[in-house]
Amino acid sequence: MTTVSDETSNAVPAEPDPDAAPDAVVTDADGNDVTSEEAAATDSTDEDAAEGVGKEPADDTVDSARTDPGPTETEGAGETDETGTPDADVAGSADEAIDDSEIEAAGDDEQTAETVEAVEVDHADDDTDDAVATDIEATEDNDDPTDDIAADDQTVDADDAVVPASAATQLDPDDDTWWKAAIFYQIYPRSFSDLDGDGVGDLAGVIDKLGYLELLGVDALWLSPIMRSPMADHGYDVSDPRDIDPIFGDLARFDELIAEAHERSIRVTMDLVPNHTSDQHPWFVEALAAEPGSSERARYIFRDGRGDDGDEPPNNWQSIFGGPAWTRVPDPDGTPGQWYLHIFAAEQPDLNWENPEVFDDLEKTLRFWLDRGVDGFRIDVAHGMAKPADLPDMDLESAGLLQNDDDDPRFNNYAVHDIHRKIRKVLDEYPGAANVGEIWVDDNERFAEYLRPDELHLGFNFRLAKATFDTESIRDAIENSLEAVLSVSGVPTWTLSNHDVDREVSRYGRIAATPAGADPADVDVESSDTDIDLGILRARAMLLVELALPGTVFIYNGAELGLPNADLPDGALQDPVWERSGHTERGRDACRVPLPWEGVEPPFGFSSNPDTWLPMPASWTRFTVEAQLEDIGSTLSLYRQAIEMRYERPEFEGDTVEWYGAPDGCLAFRRSVGHLTCALNTGDVPVPLPPGEILLTSYPLIDGQLAPNSAAWLV
């Protein structure tokens with residue numbers, strides 16, 4: 001990683017050539033779009049003003065910018081409430097949010113759920129770089145072109161939708177580097193959109209919302225598991241890896257999804273779960289019926305117990321979900337027999353990757369989906385498949401629910417790299433396909449091993465999601481993430497949340513409720529009085545930080561709406577962590593609640609069935625797509641603007657970043673080639689900005705200065 005010392009005089013970017021790039025559009029104090037040049041005439045500050053974010057400070061003037069500006073005036077669109085949160089995020093009624101548009105009910109005998117119609121973005125001749133002004137075209141079936149999100153029955157008969165596997169290919173076999181700067185959108189299918197009315201999301205719902213995803217501007221979808229499963233862990237317990245679970249649809253519907261996504265230039269990647277199977281997988285059923293030492297049991301990790309009667313587990317390993325990682329089963333004659341290993345729930349027995357049958361079967365699975373046009377895979381527990389032969393005891397003091405460290409014998413054993421090399425050989429036969437591994441490895445050298453040219457294309461990195469909202473933690477996460485891939489010329493990845501991590505709004509908002517002297521990372525979101533408005537401000541700022549960085553970005557569905565964790569009653573919790581922890585850990589359900597699409601009460605257009613698989617908070621009216629779609633100050637609009645700029649502006653070029661001086665509570669960096677500057681203010685007072693034209697801010701400027709808990713892009 002290339003950096004510039006905080007003490008180096010040449011760290012501040014030179015004033016940009018006004019002829020070098022299109023004039024950016026910003027928002028003036030009256031909410032009108034003006035050019036950066038016009039805005040500069042209004043917002044320019046005295047040359048002798050205090051030191052600003054990103055401006056190289058003199059030796060003793062670092063804190064000079066942090067003066068109390070007194071009463072503030074908000075520049076830009078949107079009024080503020082008492083907390084300083086723009087009204088843009090507190091979405092009003094549908095009539096206010098979407099001018100002259102309304103949600104029309106649509107349905108037929110098979111489909112009654114209200115839907116958001118597929119919409120298309122017209123990027124032609126867009127010289128203003130203003131995503132808010134993007135034309136939203138109605139689809140052909142929409143009788144009223146002024147209805148931006150009218151309902152429409154887009155269901156296609158399954159028999160007509162089948163794409164023969166032999167005819168399907170990846171989106172663009174000639175492009176084998178698309179993943180290096182892509183934006184992936186993770187869909188948790190149960191919670192995205194339900195079209196069959198059973199309260200659980202499905203593939204038809206995903207198809208129905210492809211227009212929305214095209215409007216958002218993402219490159220690829222990542223589908224959490226949709227294979228056949230008893231759903232003990234909501235799909236991460238697979239009983240048939242080469243079929244679609246009926247709760248989501250069938251193979252015909254999946255082929256339809258691939259075809260329609262590719263038609264919109266959106267790639268589709270799938271979750272792959274190679275570490276374990278369901279206990280209802282035919283292999284495991286056969287293993288339970290077979291004798292110890294049989295070929296059927298050799299596909300899994302069965303061991304005799306310790307102690308005189310074998311009544312103690314083979315070692316002291318604990319499940320990631322809580323409780324022992326071993327379960328004893330009876331022998332075929334009914335007497336107490338061997339134990340089998342399950343790093344997760346008892347319904348998820350670990351496979352024995354030393355058995356060649358295991359990879360042979362995985363190869364069939366890989367080819368099955370790749371032949372249907374899948375563009376790649378996200379590999380679940382990519383660091384956990386290989387187990388040490390002697391199965392040594394673990395350090396129980398360092399173990400915790402849903403986590404592991406680098407010395408944990410359950411994970412990151414070196415033999416796992418041979419497995420990834422075999423997987424990569426298969427993917428290399430399908431040009432245009434790529435894979436990303438879930439790798440919970442902290443050591444940079446060991447993390448980089450997974451990204452060698454013959455292993456994973458990408459490694460899912462959680463450092464930024466684990467960082468607290470302070471400059472030291474954020475900068476450390478960025479520097480470590482870049483250094484982790486540098487040695488193998490790998491591509492960094494960034495995310496702020498996913499289906500296993502508390503939503504960023506709740507994480508960043510909890511700090512307001514942190515007791516004095518406590519570490520914010522140790523405060524439970526569910527038990528704290530999270531400041532949602534503060535969390536939204538900080539999440540918006542971190543979005544600009546994330547998208548300003550080189551590499552690949554993963555967005556978890558609902559993050560673009562500013563969703564917080566949901567406050568769920570105990571009786572609604574379904575995560576196996578809740579039961580296995582003895583009701584001491586609430587698990588991950590709070591970040592998996594269905595998305596709100598439209599309307600003013602649950603289920604908010606997610607389903608025609610009010611009894612959704614997890615209950616939806618009545619307070620989510622402000623977060624619906626309907627409320628935010630045409631509100632230029634909404635979180636959804638910020639995502640659209642930021643994503644579009646990231647693709648269209650040349651200033652986002654460069655594989656590294658350069659750091660330079662900033663006041664306490666602030667940080668600033670720029671891309672090494674394009675020289676886009678990103679400034680972040682985590683403090684509680686406004687600060688001057690570095691020189692340059694403003695492209696985008698996460699919150700309106702205050703007296704021409706960067707507001708607290710906000711970020712800005714400059715060129």
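Heavy atoms only: backbone and side chains are in, while hydrogens, waters and symmetry mates are out.
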Peer 1: Pick one: which of Arg507, Arg510, Arg588 meets salt bridge (charged side-chain N to carboxylate O under 4.0 Å, His left out) with Asp502?
Peer 2: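 Per the salt bridge (charged side-chain N to carboxylate O under 4.0 Å, His left out) rule, the option paired with Asp502 is Arg510, out of Arg507, Arg510, Arg588.
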Peer 1: Please walk me through it: do Trp178 and Phe184 pass ring-ring contact (aromatic ring centres under 6.0 Å, His included)?
Peer 2: CA-CA 11 Å; Trp178 62 269; Phe184 284 78; 5.6 Å; yes
Peer 1: Does the ring-ring contact (aromatic ring centres under 6.0 Å, His included) test come out yes or no for Trp597 and Phe606, once each step is laid out?
Peer 2: CA-CA 6 Å; Trp597 290 95; Phe606 164 75; 8.7 Å; no
Peer 1: Considering only NZ, NE, NH1 and NH2 on the basic side and carboxylate oxygens on the acidic side, decide whether Arg538 and Asp533 come within less than 4.0 Å.
Peer 2: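 No salt bridge links Arg538 with Asp533.
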Peer 1: Please determine if Arg640 and Glu644 form a salt bridge, counting it only when a charged side-chain N lies under 4.0 Å from a carboxylate O.
Peer 2: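 No, this pair does not count.
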Peer 1: Compare every heavy atom of Ala707 with every heavy atom of Pro700, then report the nearest pair and how far apart it is.
Peer 2: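 That would be O-CB, 3.9 Å.
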Peer 1: Checking Ser698 side chain against Ala711 main chain: does a donor-acceptor pair fall under 3.5 Å?
Peer 2: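 Yes.
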Peer 1: Determine the minimum heavy-atom distance between Glu504 and Ala559, stating which atoms define it.
Peer 2: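 Reported closest heavy-atom pair: OE2-CB, 3.5 Å.
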Peer 1: So how far is it from Leu464 CG to Asp476 CG, rounded to the nearest 0.5 Å?
Peer 2: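 Result: 11.0 Å between the selected atoms.
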Peer 1: Can you name the nearest heavy-atom pair linking Ala642 to Leu544, along with the distance?
Peer 2: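 Residues Ala642 and Leu544, closest heavy atoms: CB-CD2, 4.0 Å.
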Peer 1: Could you check whether any side-chain heavy atom of Leu676 comes within less than 4.5 Å of a side-chain heavy atom of Arg670, counting everything from C-beta outward?
Peer 2: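 With C-beta onward as the side chain, the pair stays apart.
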Peer 1: Going by the rule ring pair (Phe, Tyr, Trp, His ring centres under 6.0 Å), which residues pair with Phe462 if we only count those two or more places apart in sequence or in a different chain?
Peer 2: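 Result, ring pair (Phe, Tyr, Trp, His ring centres under 6.0 Å) vs Phe462: Trp440, Phe460.
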Peer 1: Taking the six-membered ring for Trp and the full ring for Phe, Tyr or His, determine whether the centres of Trp659 and Phe669 are under 6.0 Å apart.
Peer 2: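 Under 6.0 Å, so yes.
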Peer 1: Taking atom CD1 of Ile532 and atom OG1 of Thr530, what is their separation to the nearest 0.5 Å?
Peer 2: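 Atom-to-atom, Ile532:CD1 and Thr530:OG1 are 5.5 Å apart.
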Peer 1: Mind checking the OH-CG spacing from Tyr699 to Leu537? Nearest 0.5 Å is all I need.
Peer 2: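 Between atom OH of Tyr699 and atom CG of Leu537 there are 6.5 Å.
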Peer 1: side-chain contact (heavy atoms from CB on, under 4.5 Å) between Thr621 and Glu601: does it pass, once the steps are laid out?
Peer 2: CA-CA 7 Å; Thr621 302; Glu601 61 184 9; over 6 Å; no
Peer 1: Do you see a donor-acceptor pair shorter than 3.5 Å between the side chains of Asn444 and Asn480?
Peer 2: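 Present: a donor and an acceptor within the cut-off.
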Peer 1: With a 4.5 Å cut-off on side-chain heavy atoms, are Trp494 and Thr552 touching?
Peer 2: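 No, their side chains stay 4.5 Å or more apart.
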Peer 1: Could you check whether any side-chain heavy atom of Glu560 comes within less than 4.5 Å of a side-chain heavy atom of Tyr212, counting everything from C-beta outward?
Peer 2: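 In contact.
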Peer 1: What are the two closest non-hydrogen atoms of Val673 and Gly654, and how far apart are they?
Peer 2: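 Residues Val673 and Gly654, closest heavy atoms: CG2-CA, 3.6 Å.
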Peer 1: Strictly by modelled atom types, are Tyr639 and Gln628 linked by a side-chain donor-acceptor pair under 3.5 Å?
Peer 2: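 Judged by distance alone, the side chains do not pair up.
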Peer 1: When you compare the side chain of Arg646 with that of Ile183, does any pair of heavy atoms fall below 4.5 Å?
Peer 2: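 Contact flag for Ile183/Arg646 side chains = yes.
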Peer 1: Just so I know, are the side chains of Leu714 and Leu695 near enough to count as touching, which here means a heavy-atom distance under 4.5 Å?
Peer 2: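 The answer is no; the side chains never approach within 4.5 Å.
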Peer 1: With sequence neighbours excluded, tell me which residues meet ring pair (Phe, Tyr, Trp, His ring centres under 6.0 Å) with Trp713.
Peer 2: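 Per chain and number, Trp713 pairs via ring pair (Phe, Tyr, Trp, His ring centres under 6.0 Å) with Phe652.
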Peer 1: Test Val485 against Thr493 for side-chain contact (heavy atoms from CB on, under 4.5 Å), laying out the working first.
Peer 2: CA-CA 10 Å; Val485 302; Thr493 63; over 6 Å; no
Peer 1: Any sub-3.5 Å donor-acceptor pair from Ser637's side-chain atoms to Asp631's backbone N or O?
Peer 2: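 Yes, the answer is positive, given that a donor and an acceptor are paired below the 3.5 Å cut-off.
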Peer 1: To the closest 0.5 Å, what do you measure between OG1 (Thr682) and CE (Met542)?
Peer 2: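 Between atom OG1 of Thr682 and atom CE of Met542 there are 10.0 Å.
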Peer 1: Can you find a pair of side-chain heavy atoms, one from Phe604 and one from Glu598, that are under 4.5 Å apart?
Peer 2: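 No, too far: nothing below the 4.5 Å cut-off.
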Peer 1: Do Thr656 and Leu486 pass the side-chain contact (heavy atoms from CB on, under 4.5 Å) test, and can you show the C-alpha distance, the side-chain angles, and the key distance before you say yes or no?
Peer 2: CA-CA 10 Å; Thr656 58; Leu486 180 65; 5.5 Å; no
Peer 1: Kindly give the heavy-atom pair with the smallest separation between Trp620 and Ala566, and that separation in Å.
Peer 2: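 So the minimum-distance heavy-atom pair works out to CZ2-CB, 4.0 Å.
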Peer 1: Under 3.5 Å, is there a donor-acceptor pair between the Asn461 and Ser481 side chains?
Peer 2: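 A pair is found: one side chain offers a donor N or O, the other an acceptor, under 3.5 Å apart.
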Peer 1: Please determine whether a side-chain nitrogen of the Lys or Arg among Asp470 and Arg475 lies less than 4.0 Å from a carboxylate oxygen of the Asp or Glu.
Peer 2: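 Salt bridge between Asp470 and Arg475, a charged N being under 4.0 Å from a carboxylate O: no.
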Peer 1: Please assess Asn709 against Asn681 for the test side-chain contact (heavy atoms from CB on, under 4.5 Å), listing each intermediate value before the final yes or no.
Peer 2: CA-CA 6 Å; Asn709 301 306; Asn681 180 7; over 6 Å; no
Peer 1: Where does the angle between the aromatic ring planes of Tyr188 and His499 fall among parallel (under 30°), tilted (30 to 60°) and perpendicular (over 60°)?
Peer 2: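 Taking His499 first and then Tyr188, their aromatic rings lie parallel (interplane angle under 30°).
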Peer 1: Side-chain contact, heavy-atom cut-off 4.5 Å: Leu563 with Arg503?
Peer 2: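 Yes - at least one pair of side-chain heavy atoms lies under 4.5 Å apart.
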Peer 1: Under 4.5 Å between any side-chain heavy atoms of Trp179 and Val491, yes or no?
Peer 2: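 In contact.
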Peer 1: Kindly compute the distance separating CG (Leu667) from SG (Cys678), expressed to the nearest 0.5 Å.
Peer 2: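 SG of Cys678 is found 7.5 Å from CG of Leu667.
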Peer 1: To the nearest 0.5 Å, how far apart are OG in Ser473 and CZ in Arg463?
Peer 2: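 Reported value, rounded in 0.5 Å steps: 11.0 Å.
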Peer 1: When you measure from the side chain of Asn498 to the backbone N and O of Asp500, does any donor-acceptor pair fall under 3.5 Å?
Peer 2: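 Yes; judged by distance alone, with no hydrogens or angles, the pair exists.
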Peer 1: For Gly558 and Leu595, which heavy atoms make the closest approach, and how far apart are they?
Peer 2: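 Looking at all heavy atoms of both residues, the closest pair is CA-CD2, 3.8 Å.
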